[in-house]
Amino acid sequence: LRALAPTKVRLLGAATGRIVVRLDGRTVYDGTPKAADAKGGREALCEVTLAEGRHRLSVSVARKGGPPSLSLEIDDG
């Protein structure tokens, strides 16, 4: 991600299992969203403020009993 100026953003997501979202190596969300349909609506997971510059966003998803699916959206709103 690249922020041209300090920016407050909301991460929205849906997943069929537990997800961990890290921003610049810091965990900003760790849990199982209520929204499970990755093709449907997403729910707010967290709000973060991005400083000006480049940032690294990493996401992992885990699910027992089948392939995981994930949908993630960044809203600067």
Side-chain angles (χ1 to χ4, degrees):
L1 301 172
R2 184 172 177 215
L4 300 177
T7 307
K8 190 174 197 176
V9 298
R10 270 189 326 161
L11 299 179
L12 300 111
T16 56
R18 177 177 170 243
I19 62 174
V20 178
V21 180
R22 291 180 182 88
L23 181 64
D24 298 327
R26 181 176 60 94
T27 300
V28 294
Y29 179 81
D30 184 349
T32 304
K34 293 178 186 170
D37 181 5
K39 295 180 182 177
R42 290 169 289 281
E43 70 174 88
L45 303 177
C46 64
E47 287 190 3
V48 296
T49 299
L50 300 175
E52 182 178 343
R54 292 181 184 228
H55 301 275
R56 182 182 182 139
L57 182 73
S58 64
V59 181
S60 61
V61 59
R63 178 179 180 217
K64 295 180 182 177
S69 64
L70 166 74
S71 174
L72 189 66
E73 178 180 347
I74 301 171
D75 177 21
D76 65 354

If only atom types and distance count, is the side chain of Ser71 paired as donor or acceptor with the main-chain N or O of Ala14 below 3.5 Å? no
Is there a continuous path of hydrophobic side-chain contacts, each under 4.5 Å between heavy atoms, that joins Leu12 to Val21? no
Membership question, hydrophobic clusters at under 4.5 Å side-chain separation (ILVMFWY): are Leu72 and Val20 in the same one? no
Please report the shortest heavy-atom distance between [X] and [Y], naming the atom on each side.
| X | Y | value |
| --- | --- | --- |
| Arg63 | Gly17 | CB-CA, 4.4 Å |
| Ala44 | Arg10 | CB-NH1, 4.1 Å |
| Val61 | Ser69 | CG2-O, 4.4 Å |
| Ala3 | Ala51 | CB-O, 3.4 Å |
| Thr32 | Arg18 | OG1-CA, 3.6 Å |

With the side chain counted from C-beta on, respond yes when Ser60 and Arg22 share a heavy-atom pair under 4.5 Å apart, and no when they do not.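 The answer is yes; the side chains approach within 4.5 Å.
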Student check: side-chain heavy atoms of Ile19 and Leu45 closer than 4.5 Å: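 Of all side-chain heavy-atom pairs linking Leu45 with Ile19, at least one is under 4.5 Å.
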Residues Glu43, Lys34: salt bridge by 4.0 Å N-O rule: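 No salt bridge links Glu43 with Lys34.
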In Leu50, Asp76, Thr49, the residue satisfying side chain to side chain contact (heavy atoms under 4.5 Å, CB included) with Lys8 is Thr49
Take Leu11 and Ile74, measure what side chain to side chain contact (heavy atoms under 4.5 Å, CB included) needs, and give me the verdict at the end. CA-CA 5 Å; Leu11 299 179; Ile74 301 171; 3.5 Å; yes
